[in-house]
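Below is one structure, written out as structure tokens; the observations come after it.
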Amino acid sequence: MTSTGPGSLRPESGFEEPPSKQGRVTWAQRWHRVRLIPFILLLVCALIAVISGRITQQTLAAADALPPEQGPGSAAFALPQETCAPTLANPVTGDPWSAENADASEAAFEENMGALPAGGHSYVEGNDDWVFWGDEQANNFSQALGRSYLGQEEAEEWASYFRTVQAQLAQQGTDLIIQVVPADWAVLPEELPGWAQELRGPTNLDHLHDAYPDLPIMDTRQPLRDAAVDGDVYAKRNSHWTPFGGAVGWATLADCLGSVDAKYEPLAPLDFSELEPVVVSSEFEAFGLPSLDVPTMIPSLEASASPMSVSFADGSTEEMTTNVGLDMLLLPATTVTESPQSDLKALVLRDSQGSNIAAGWQAGFASTKQIRHSFDDPNARVDVLGEAAEFQPDVVIYEITERHLNFVPVLPE
């Protein structure tokens, strides 16, 4: 020990009391008590910091659990809304997943899902033989009700990705458009089971479209709802839009692009004179839900098809016609159309929904390059900017199935 004052010693530990001399309180004892005050204050401050930190974390977590905030009412949309995102005739008006309603809605959701085979995890049966994917497919059924959506931080990352892509493409003189393919439940919500109707709230598409008006996000729900009166835009046991649904999607895209820039005005709807009955395969065969004998009415496009040449990644080529939709498993692929509607080129980042709208892309553009966007696979990030620099398209089209809005895309490093 070392001397610290007259007649007394400082303890080696602040928690040791030195012995008193003749019953009186020593300087070291007084100092020991005094020197503990900063330590106690430090403990109090640390405790306050911990509590404050936890409250802050909880606040941030609670904020991120909320959907992105709606953009300012004065904000101008990047796309003409009348042609690119027509107003829904019957929008969802309730908000069962708001803070004040969430507990009751969650209880009702759990009770009803719990009564279904495997808790509805794989599939959920709706009305009149309709079947919907459960939450094992990108939280599909929760997204259908608005129970699952991107939180504020995730939505900002989603928007940041597309803003970066849009800015970089603009430097190359290339346009960007994001065509979300609405889910079957978004176009035909009345086919969801009865118990789910009162649990329907705003969805990811609603939130993202309203929060980021500066992004070129299309919304084709209303055109598809209108067209459903004339033919089947979706089949009862398949989550993909039919070729008729895809034809409506293409007509909406062509109209949208034409309203953005005059160079796209040659793009036009596909010409078909009749719908023909086709049996659409069930995606739910493995669950004992086979294809239905009742055929789906889809358009016949062969009469208006043009010859086209398709080049694949292995160097092989194949002669086809534009009405043949390329399967996602064949991608990447480049098409060259003999008699296109325009002399434009399109780079298309797509998923499996692209098969039934590809007839439009291939008829409309002189050349397309179709690649998977792979939003659902973080190990397969697409270098869209590199692809665009190489292919030199007039427009980059993101075709995204609605349930894939559950994923946040990331550019490769």
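Everything numeric in this text was worked out from a predicted model, so none of it was measured.
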Q: Check the pair Leu205, Asp219 against side chain to side chain contact (heavy atoms under 4.5 Å, CB included), reporting the backbone distance first and the verdict last.
A: CA-CA 8 Å; Leu205 180 53; Asp219 182 354; 3.8 Å; yes
Q) Taking atom CG of Leu188 and atom OH of Tyr234, what is their separation to the nearest 0.5 Å? A) 8.0 Å
Q | Polar side-chain atom of Asp351 near backbone of Thr401 as donor-acceptor pair, under 3.5 Å | A | yes
**Q.** Phe162/Tyr398 aromatic ring centres below 6.0 Å
**A.** yes
Q) How are the rings of Trp97 and Phe109 set relative to one another: parallel (under 30°), tilted (30 to 60°) or perpendicular (over 60°)? A) perpendicular
(Q) Tell me if a side-chain donor or acceptor on Gln392 pairs with a main-chain N or O of Ala389 at a distance below 3.5 Å. (A) yes
Q.
A side-chain contact here means heavy atoms from C-beta on lying under 4.5 Å apart; do Leu253 and Trp361 qualify?
A. yes
Q: Of all the heavy-atom pairs spanning Val396 and Ala388, show the shortest one and how long it is.
A: CG2-CB, 4.4 Å
Q | Exercise: identify the closest heavy-atom pair between Ser291 and Val279 | A | CB-CG1, 4.4 Å
Q.
We want to know whether Asn204 and Gln143 form a side-chain donor-acceptor pair, criterion being a heavy-atom distance below 3.5 angstrom.
A. yes
Q | Distance (rounded to the nearest 0.5 Å) between Lys263 NZ and Asp394 CG | A | 4.5 Å
**Q.** Spatial distance of atom CD (Glu157) from atom CD (Glu153) [nearest 0.5 Å]
**A.** 5.5 Å
Q: Check Arg372, Lys369, Arg381 against Glu387 for a salt bridge (Lys or Arg N to Asp or Glu O under 4.0 Å) and give me the one that passes.
A: Lys369
Q) Mind checking whether Pro202 and Tyr149 have side chains closer than 4.5 Å, heavy atoms only? A) no
Q. Does any donor atom in the side chain of Thr368 or Thr335 lie under 3.5 Å from an acceptor atom in the other side chain?
A. yes
**Q.** Nearest heavy-atom neighbours spanning Glu402 and Ala186
**A.** OE1-CB, 3.3 Å
**Q.** Residues Asp206, Arg221: salt bridge by 4.0 Å N-O rule
**A.** yes
Q: State whether the side chain of Ser105 and the backbone N or O of Pro96 hold a donor-acceptor pair below 3.5 Å, judged by distance alone.
A: yes
Q) Any side-chain heavy atom of Val410 sitting closer than 4.5 Å to one from Pro378? A) no
Q) At what distance, to the nearest 0.5 angstrom, does CG of Leu145 lie from CG of Asn139? A) 11.5 Å
Q. Any sub-3.5 Å donor-acceptor pair from Asn238's side-chain atoms to Ser281's backbone N or O?
A. yes
Q: Would you confirm whether Trp250, through its side chain, and Ala268, through its main-chain N or O, come within 3.5 Å as a donor-acceptor pair?
A: yes
Q) Do His209 and Val180 come within less than 4.5 Å of each other through their side chains, counting heavy atoms only? A) no
Q. Quick check: are there more than 12 heavy atoms from other residues, nucleotides or ligands sitting under 6.0 Å from CG of Asp314?
A. yes
Q.
Whether the Gln179 and Gln353 side chains hold a donor-acceptor pair (N or O, under 3.5 Å, no angle test) is what I'd like checked.
A. no
Q.
If we ignore hydrogens and angles and just use 3.5 Å, is the side chain of Glu399 paired with the main-chain N or O of Arg350 as donor and acceptor?
A. no
Q. How long is the gap from CD on Glu106 to CD on Glu111, to the nearest 0.5 Å?
A. 12.0 Å
Q) Does any N or O in the side chain of Thr203 come within less than 3.5 Å of the main-chain N or O of Gly146, such that one atom is a donor and the other an acceptor? A) no
**Q.** Over all atoms of both residues, closest heavy-atom pair of Pro266 and Gln341
**A.** CB-O, 3.4 Å
(Q) side chain to side chain contact (heavy atoms under 4.5 Å, CB included), that's the test. Do Ser239 and Arg403 meet it? Break it down for me. (A) CA-CA 10 Å; Ser239 62; Arg403 69 170 178 260; 3.6 Å; yes
Q.
Run Ile371 and Leu331 through side chain to side chain contact (heavy atoms under 4.5 Å, CB included) and show every step you take.
A. CA-CA 6 Å; Ile371 58 180; Leu331 305 182; 5.6 Å; no
Q: Quick one: closest heavy-atom pair of Glu191 and Phe132, and the distance?
A: O-CE1, 3.4 Å
Q. Is there a side-chain contact between Asp214 and Arg163 (heavy atoms, below 4.5 Å)?
A. yes
Q) Do Tyr212 and Glu156 meet the criterion of a side-chain donor-acceptor pair at a distance under 3.5 Å? A) yes
Q) Which heavy atom of Gly364 sits nearest a heavy atom of Pro340, and at what distance? A) O-CB, 4.3 Å
Q. Hey, what do you get for CG (Asn406) to CD (Glu154), rounding to the nearest 0.5 Å?
A. 8.0 Å
(Q) Within a 6.0 Å radius of atom CG on Asp128, are there more than 12 heavy atoms belonging to other residues, nucleotides or ligands? (A) yes
Q. Would one find more than 12 heavy atoms of other residues, nucleotides or ligands at under 6.0 Å from atom CD of Glu198?
A. no
Q: Report yes if the side chains of His404 and Asp376 come closer than 4.5 Å at any heavy-atom pair, otherwise no.
A: yes
Q) Short question: side chain of Asp135, backbone of Ser142 - any donor-acceptor pair under 3.5 Å? A) yes
Q. Is Glu285 salt-bridged to Arg237, going by a charged N under 4.0 Å from an acidic O?
A. no
**Q.** Under 3.5 Å: donor-acceptor pair, side chain of Ser259, backbone of Pro80
**A.** no
Q: Might you work through the side chain to side chain contact (heavy atoms under 4.5 Å, CB included) test for Asp175 and Tyr264, ending with a clear yes or no?
A: CA-CA 11 Å; Asp175 297 320; Tyr264 298 111; 2.6 Å; yes
Q.
What I'd like to find out is whether the side chain of Val248 reaches to under 4.5 Å of the side chain of Asp226, using heavy atoms alone.
A. no
Q) Is Leu411 close to Val384 at the side-chain level, that is, under 4.5 Å between some pair of heavy atoms? A) yes
Q. Can you say whether the rings of Phe375 and His373 are parallel (under 30°), tilted (30 to 60°) or perpendicular (over 60°)?
A. tilted
Q | Side-chain (Gln197) to main-chain (Pro189) donor-acceptor, under 3.5 angstrom | A | yes
Q) Picking from Phe284, Trp185, Phe141, what satisfies ring-ring contact (aromatic ring centres under 6.0 Å, His included) with Trp133? A) Phe284
